[in-house]
Amino acid sequence: MSLFQLPEDVLYLVLSFLDCRSLCRLAQVCRRSQQFTYRDAVWRRIAKDFINTGMTRLGLDLYPGIPLKDRVKVSQNWSRGVCRKDVLLKWKIKDGKIIVHDRKSAESVAFYAHEQEVNCIDCKGDLIISGSRDRTAKLWALTPKPFGRRLHTMPTDDRVWSVAISPSLCTFVTGTACCEDFDPLRIWDTERCHLVSCLGSGFRRGAGVLDIVYESPFQLLTCGYDTFIRYWDLRVCSSKCVMEWEEPHDSALYCIKTDKNHMIASGSSYYGVVRLWDKRQTRCLQMFQLTSTTSSPVYSLCFNTTHLYAALSSALCSLDFRTSGFRPRR
């Protein structure tokens, strides 16, 4: 009697003792094992441990913090999740609720953070920054007791699309929709939450900032609806970026990632287009179209020297640079 002649409930119980590597090896045994191990139920336990937490290989992060949209089967109610070593944060699309989950004690605390939906969160050290459609950014203390203690509220005068805390923890940046007469990029002091300065000037109306990534306490990258990636060095000048790259097909840029050296990856708003950029060049280095059937933005991505992972509206696509091929994972 072969393994796959067992009743399915017994098979699920047997496979529940396998880790992800063992399941992948089992899927390569035969067609029958592949069909069974590809089922969502087999991976549900492992997915709960890994989703939005960052799978690693050789010490390098591979998977991004996946911003789950309301169409994603994995979660129909939650918008996004981010994770650090011991704490998982999730936030709701509609009701402004944030969940703080302590992975060590399995303790979860839910609190209503904003009056409208939460668009973005960043977490570093013992600080959480949240941004919302209600035109505020809020600073929270991530301390063991109590979770989610609010420290400050900053009126931003516009909808907040992105936030990022500096690696030094002394400042944070908010990116807004640029629908009002205010610069969309602002730097705030984390201790007093006073406005320190604005980045750039002369942004055209609607040039909302959708993603912000720090490379160092003084260097950061931004992207958004105006189709530009901008590189800022606060030691040089805060009124003008030091470099910029334009998306050649005039698509909004939903996300960016950097290797903190020469390479940048960007995710576009149509057909899962990912572009690789070299800071030493002005043009795109390479382009990958991850889907041709649905016009999905790339909501989040992550890459290293061998792989790139991109989260679309209903799939996580993995791309192997060594073979120039990609595989959608639904």
Side-chain angles (χ1 to χ4, degrees), residues 19-21 23-25 27-28 34 37-38 43 46-47 50-68 72 82-83 210-216 219-223 227-231 243-249 251-330:
D19 58 18
C20 59
R21 177 174 293 182
L23 282 173
C24 291
R25 288 176 175 173
Q28 299 174 17
Q34 183 186 69
T37 53
Y38 273 16
W43 292 89
I46 294 175
F50 282 121
I51 193 74
N52 295 323
T53 65
M55 295 181 66
T56 59
R57 176 177 179 269
L58 302 179
L60 298 173
D61 284 340
L62 292 185
Y63 281 89
I66 308 167
L68 301 175
V72 177
V82 297
C83 184
L210 294 176
D211 200 10
I212 305 168
V213 176
Y214 269 97
E215 284 197 332
S216 75
Q219 298 163 304
L220 63 151
L221 290 151
T222 64
C223 69
T227 75
F228 278 91
I229 300 172
R230 291 185 170 89
Y231 188 58
M243 294 185 70
E244 63 181 21
W245 300 268
E246 185 176 9
E247 213 285 334
H249 289 169
S251 298
L253 296 175
Y254 271 54
C255 58
I256 47 176
K257 208 72 175 180
T258 171
D259 66 354
K260 297 184 179 180
N261 191 14
H262 298 301
M263 299 303 299
I264 304 170
S266 65
S268 302
S269 56
Y270 297 112
Y271 296 106
V273 172
V274 172
R275 296 185 186 275
L276 294 179
W277 309 79
D278 189 321
K279 293 178 187 175
R280 298 163 295 186
Q281 301 182 22
T282 57
R283 294 184 178 181
C284 167
L285 189 66
Q286 194 166 2
M287 185 271 284
F288 303 95
Q289 184 176 335
L290 303 183
T291 178
S292 59
T293 57
T294 58
S295 183
S296 169
V298 178
Y299 291 110
S300 183
L301 54 80
C302 190
F303 74 101
N304 61 15
T305 55
T306 60
H307 290 80
L308 182 143
Y309 295 86
L312 308 185
S313 61
S314 59
L316 174 63
C317 294
S318 62
L319 189 149
D320 191 333
F321 294 136
R322 298 168 297 184
T323 61
S324 299
F326 68 88
R327 177 185 300 173
R329 299 174 183 266
R330 298 185 182 274

Apply side chain to side chain contact (heavy atoms under 4.5 Å, CB included) to the pair D259 and F303, showing each step before the final yes or no. CA-CA 8 Å; D259 66 354; F303 74 101; 4.1 Å; yes
How close do [X] and [Y] get, counting heavy atoms only, and between which atoms?
X: Y254; Y: V298; answer: CB-O, 3.2 Å
X: I229; Y: S266; answer: CD1-CB, 3.8 Å
X: L312; Y: C317; answer: CD1-SG, 3.8 Å
X: V274; Y: A310; answer: CG2-CB, 4.3 Å
X: E247; Y: H249; answer: OE1-N, 2.7 Å
X: N261; Y: T258; answer: N-OG1, 4.3 Å

Applying side chain to side chain contact (heavy atoms under 4.5 Å, CB included), run through L276 and L308 and close with a yes or a no. CA-CA 10 Å; L276 294 179; L308 182 143; 4.2 Å; yes
Can you tell whether the side chains of D19 and R21 come within less than 4.0 Å, N to carboxylate O? no
Distance (rounded to the nearest 0.5 Å) between [X] [atom1] and [Y] [atom2]:
X: T222; Y: E244; atom1: OG1; atom2: CD; answer: 9.5 Å
X: T227; Y: E246; atom1: OG1; atom2: CD; answer: 4.5 Å
X: Y231; Y: C223; atom1: OH; atom2: SG; answer: 15.0 Å
X: K257; Y: L221; atom1: NZ; atom2: CG; answer: 11.5 Å
X: L290; Y: S318; atom1: CG; atom2: OG; answer: 9.5 Å
X: R275; Y: I256; atom1: CZ; atom2: CD1; answer: 15.0 Å

Dump the intermediate steps for side chain to side chain contact (heavy atoms under 4.5 Å, CB included) on L253 and L210, then the final yes or no. CA-CA 7 Å; L253 296 175; L210 294 176; over 6 Å; no
Is a side-chain donor or acceptor of [X] paired with a backbone partner of [Y] at a separation under 3.5 angstrom?
X: S268; Y: Y270; answer: no
X: Q289; Y: T291; answer: yes
X: S296; Y: S313; answer: yes
X: E215; Y: Q219; answer: no

Let's go through L285 and M263 carefully: what are the C-alpha distance in whole Å and the side-chain angles of both, what is the deciding distance for side chain to side chain contact (heavy atoms under 4.5 Å, CB included) to 0.1 Å, and is it a yes or a no? CA-CA 9 Å; L285 189 66; M263 299 303 299; 3.6 Å; yes
Suppose we screen for side-chain hydrogen bond (donor to acceptor under 3.5 Å, both in side chains). Which residues come up paired with H262, at least two apart in sequence or across chains? none
Verify the neighbour count for atom CZ of F228: are there more than 12 heavy atoms of other residues, nucleotides or ligands below 6.0 Å? yes
Are there over 12 heavy-atom neighbours, none belonging to Y271, within less than 6.0 Å of that residue's OH? no
Under 30°, 30 to 60°, or over 60°: which ring-plane class applies to W277 and W245, parallel, tilted or perpendicular? tilted
Note, L220 side chain near V213 side chain (heavy atom, < 4.5 Å): no
